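Let me begin by presenting the structure, written as structure tokens, before commenting on it.
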There are 2 protein chains.
Amino acid sequence: MGRKRTKSGKIRLAEVAELAGVSPITASRFFRNPEALSVAKRTRVESAAKELGYVPNLAARALASQRTEVIGVLIPSLTNNVFSDVLRGIYDASEGSRYSIQLSNTRYSILQEEKLLRLFLAQKPAGLIVTGIDQTAESRAMLQAADCPIVQIMEIGPDPVDMMIGFSHYDAARAAIAHLFEQGHRKVGFVGARMDPRVQRRLDGYVSAMKDAGSFDQRLVVTTATPTSVTLGGALFTDLLAREPDMDAVFCANDDLALGVLFECRRREIAVPGQIAIVGFNDLEFMASAVPTLTSVRTNRYEMGKTAATMLINAIEGRRPEQPVLDLGFKVIERQSSSARRSDSRPAVSGAAAANKMIALPSSHD
Amino acid sequence: MGRKRTKSGKIRLAEVAELAGVSPITASRFFRNPEALSVAKRTRVESAAKELGYVPNLAARALASQRTEVIGVLIPSLTNNVFSDVLRGIYDASEGSRYSIQLSNTRYSILQEEKLLRLFLAQKPAGLIVTGIDQTAESRAMLQAADCPIVQIMEIGPDPVDMMIGFSHYDAARAAIAHLFEQGHRKVGFVGARMDPRVQRRLDGYVSAMKDAGSFDQRLVVTTATPTSVTLGGALFTDLLAREPDMDAVFCANDDLALGVLFECRRREIAVPGQIAIVGFNDLEFMASAVPTLTSVRTNRYEMGKTAATMLINAIEGRRPEQPVLDLGFKVIERQSSSARRSDSRPAVSGAAAANKMIALPSSHD
DNA sequence: AGGAACGTTGACAGCGCTACCAGCAACGAC
DNA sequence: GTCGTTGCTGGTAGCGCTGTCAACGTTCCT
């Protein structure tokens with residue numbers, strides 16, 4: 001009679017159905033919507049599947065149902081600590097769900113992102129997580145037209161494609177500068193690398209805060225398109241110092257740069273924070289154990305990833321969030337590297353405390 | 001007459017074939033083995049596909065061909081810098097190929113690994129990359145039985161399941177200790193965290209080198225199962241110092257710990273390398289710009305990932321490597337933190353120079 | 001009692017592609 | 001001229017699953 005097994009010896013749904021004494025379609029329903037079955041059949045199918053060690057064939061399912069159970073994730077870098085934390089959150093949230101993660105690296109290129117997006121969309125993903133809010137017009141059009149939920153992560157801005165979760169890099173930078181002013185620092189330099197859109201917005205925040213205080217000077221800003229590194233932090237700081245020897249603080253666009261600045265100060269025997277205060281961005285783990293401990297702006301990267309994936313999965317399954325845009329905030333973590341310069345410290349940038357917003361979430365490390 | 005388009009408006013192979021004036025099967029062949037077509041048909045299909053913007057339906061292909069074009073990758077951690085470098089190599093190598101990467105995180109649990117392996121294998125991956133050589137018996141049996149190429153990465157050992165690419169953590173640790181002895185250090189402590197199999201083998205290498213020199217003392221070893229961090233490095237070093245105040249060097253199982261030790265030394269005003277020498281492991285980027293610069297054992301992580309994926313893809317396509325086991329070696333990068341203690345330095349551990357092996361490969365950073 | 005409404009189940013017909021094998025032309029060997 | 005042999009092409013028949021819709025039994029309402 002008919003074959004009982006697929007060529008490869010794999011168990012098919014039909015075998016499970018036969019053992020359970022139901023039709024294949026009923027068995028199929030068990031895996032997709034168990035509540036639709038009577039309790040009796042449900043248990044029968046369940047034990048039959050377990051007995052045979054049945055594993056659904058995802059390709060067949062995808063072909064028949066015209067959709068996949070794949071969540072596409074587009075991030076700019078695999079190396080950057082920031083993204084590995086986000087990714088960990090995404091993977092953690094997807095675990096236990098039926099969805100699997102398909103990851104691609106845009107290498108900070110929106111053209112590459114557009115290409116990958118086209119590829120992803122052609123396979124009808126269940127949902128999509130994309131980084132940032134600066135897509136090409138073409139990408140944006142594809143995202144708008146996509147018939148799956150989409151979450152933009154890492155920052156927040158006007159008109160989300162669908163959902164959005166992140167924080168304001170602009171406000172975060174302003175808060176960092178406000179903190180430095182509160183501590184009595186006035187001539188604050190900016191060191192930035194890679195200059196992706198988020199770093200650019202941190203620079204914008206720095207510029208606006210400095211202008212508010214009447215202290216802005218283009219010569220205080222050193223940036224490069226080169227990928228960030230600790231060594232680069234030292235090199236950029238060296239440039240800055242040559243230009244502005246009487247600078248009294250540096251705001252670094254990320255913690256690697258900050259660590260490089262710290263090392264460079266040590267090399268040059270510049271006292272931190274005595275002569276130069278340092279503030280980083282992201283609050284990576286090492287910032288708290290450096291000597292001196294380094295002030296940084298803490299961001300909820302793991303939570304961002306985890307929440308993004310959770311929201312996305314909920315949306316895929318029809319449970320859309322009340323609020324499509326979620327601001328996870330940030331917090332200036334004040335440490336030794338930026339402590340008070342003099343006693344007459346008074347805020348020169350307004351709204352410092354108010355800009356310091358952070359939703360309480362448990363931090364989790366691998 | 002029949003439908004010209006799929007419901008979703010997507011272009012199918014049939015449309016391409018029709019436009020090209022060939023049968024669907026010929027069009028299909030074009031995408032899998034263009035050489036099998038006559039030049040005339042090949043160009044006809046090619047331009048038809050381009051004109052229609054055809055994208056193959058991977059689910060249908062997988063269902064019909066009974067195999068997927070997915071490479072499964074199992075790694076223990078998404079956060080660890082070491083794995084992000086390896087991953088970058090894997091993704092870089094897969095780019096441009098027809099294969100996509102399916103990543104899963106075992107969280108350093110071989111039981112979790114076994115579970116994921118079962119899941120992966122059920123979907124018939126084109127190939128598999130697994131971390132390390134310590135699988136459960138069950139996992140090993142599944143891997144042996146799998147009908148796809150497999151690469152084990154991160155270390156090398158006896159009986160590979162299939163292919164293997166990595167280096168000897170044992171030898172690398174021995175080389176690090178040998179270097180310290182050459183520089184005149186004698187009482188060398190060991191600081192390790194997480195204690196996964198590879199860290200354990202580094203410890204074994206340390207122990208054997210210390211025993212060879214007649215200097216081994218269990219009290220010089222401090223380890224913990226806790227995940228690694230910079231802060232932890234400082235804490236473990238503090239323990240070690242309390243136990244053995246006259247220790248003159250520390251070998252750290254990774255660079256984060258080494259950085260923590262450096263900061264702790266600074267905090268306690270212990271001169272490095274004057275009073276304590278420090279050697280790390282992995283040679284992360286910051287090691288070269290710390291003050292003092294930190295000695296470390298360089299490993300070819302990016303190349304390991306890239307080569308593993310390349311070998312795997314070649315094997316999938318029938319081009320098996322002459323050598324299934326590839327040793328990528330390591331190199332002790334000597335820096336200030338371990339420079340000579342006295343002038344009468346002489347090797348106390350043999351084979352120091354010989355153990356220092358490294359295949360010349362271009363290092364690439366993101 | 002009749003019928004609407006609901007919950008549960010099954011039959012059928014593909015999803016878009018490729019494995020398999022057959023067919024056909026062109027060519028050379030005998 | 002016959003018979004392979006090779007190179008290319010096409011027809012047929014699924015791959016394993018699910019969408020759709022119809023059918024059934026039961027309950028509840030009027």
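Each chain gets a letter, A, B and so on, in the order its sequence line appears, and its residues count up from 1. Quick caveat, the model's predicted, so the values are computed rather than measured.
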Exercise. Does the side chain of Thr26(A) get closer than 4.0 angstrom to OP1 or OP2 of dG10(C) through an N or O atom?
Worked result: yes

Exercise. Nearest to the side chain of Ser23(A) - dG11(D), dC17(D), dG10(C)?
Worked result: dG10(C)

Seminar exercise, completed: For residues 123-150 of chain B, the ring-ring contact (aromatic ring centres under 6.0 Å, His included) pairs (sequence neighbours left out) are none

Exercise. Rounded to whole angstroms, how far apart are NZ on Lys124(B) and C1' on dC15(D)?
Worked result: 11 Å

For this session: Report the residues that fulfil side-chain contact (heavy atoms from CB on, under 4.5 Å) with Asp162(B), sequence neighbours left out, ordered by chain and then residue number.
Result: Pro149(B), Ile150(B), Arg320(B)

Show the distances under 3.5 angstrom between N or O atoms of the protein and N or O atoms of nucleotides 23-26 of chain D.
none

For this session: Return each pair, listed once, that meets salt bridge (charged side-chain N to carboxylate O under 4.0 Å, His left out) where at least one residue sits in residues 66-75 of chain A; pairs must be two or more places apart or across chains.
Result: Arg61(A)-Glu69(A), Glu69(A)-Arg98(A)

For this session: Name all pairs fulfilling the side chain to side chain donor-acceptor pair (under 3.5 Å) condition that reach into residues 38-53 of chain B, sequence neighbours left out, sorted by first residue then second.
Result: none

Exercise. In chain order, what residues pass the side-chain contact (heavy atoms from CB on, under 4.5 Å) check against Ala60(A), with sequence neighbours excluded?
Worked result: Asn57(A), Leu63(B)

Problem set entry | Short side-chain N/O contact from Arg67(B) to OP1 or OP2 of dA19(C), under 4.0 Å | yes

For this session: Rounded off to whole Å, could you give me the CZ-to-P distance for the Arg12(A) and dG14(D) pair?
Result: 12 Å

Exercise. Partners of Tyr54(B) by ring-ring contact (aromatic ring centres under 6.0 Å, His included), sequence neighbours excluded?
Worked result: Phe31(B)

For this session: Sequence neighbours left out, what pairs pass side chain to side chain donor-acceptor pair (under 3.5 Å) with at least one residue falling in residues 131-144 of chain B?
Result: Glu114(B)-Thr136(B), Asp134(B)-Arg201(B), Gln135(B)-Gln152(B), Thr136(B)-Ser139(B)

Exercise. Using a heavy-atom distance cut-off of less than 4.0 Å, which residues of residues 28-50 of chain A contact DNA chain D?
Worked result: Ser28(A), Arg32(A)

For this session: Please tell me which of the listed nucleotides, dA19(C), dT18(D), dG10(D), lies nearest to the side chain of Ile25(A)?
Result: dT18(D)

For this session: Compare all side-chain heavy atoms of Met154(A) with those of Ile133(A) and state whether any distance is below 4.5 angstrom.
Result: no

Problem set entry | Sub-4.0 Å heavy-atom contacts from residues 56-64 of chain A onto DNA chain D, ordered by number | Pro56(A), Asn57(A), Ala60(A), Arg61(A), Ala64(A)

For this session: Using modelled atom types only, decide if a donor and an acceptor are shared between the side chain of Glu113(B) and the backbone of Leu74(B) within a distance under 3.5 Å.
Result: no

For this session: May I have all residue pairs that pass side chain to side chain donor-acceptor pair (under 3.5 Å) and include part of residues 19-36 of chain B, sequence neighbours excluded?
Result: Ser23(B)-Thr26(B), Ser28(B)-Arg32(B)

For this session: Check the distance between dG14(C)'s P and Gln66(A)'s CD and give it to me in whole angstrom.
Result: 13 Å

Problem set entry | Pairs touching residues 305-318 of chain A that satisfy salt bridge (charged side-chain N to carboxylate O under 4.0 Å, His left out), sequence neighbours left out | Glu317(A)-Arg319(A)

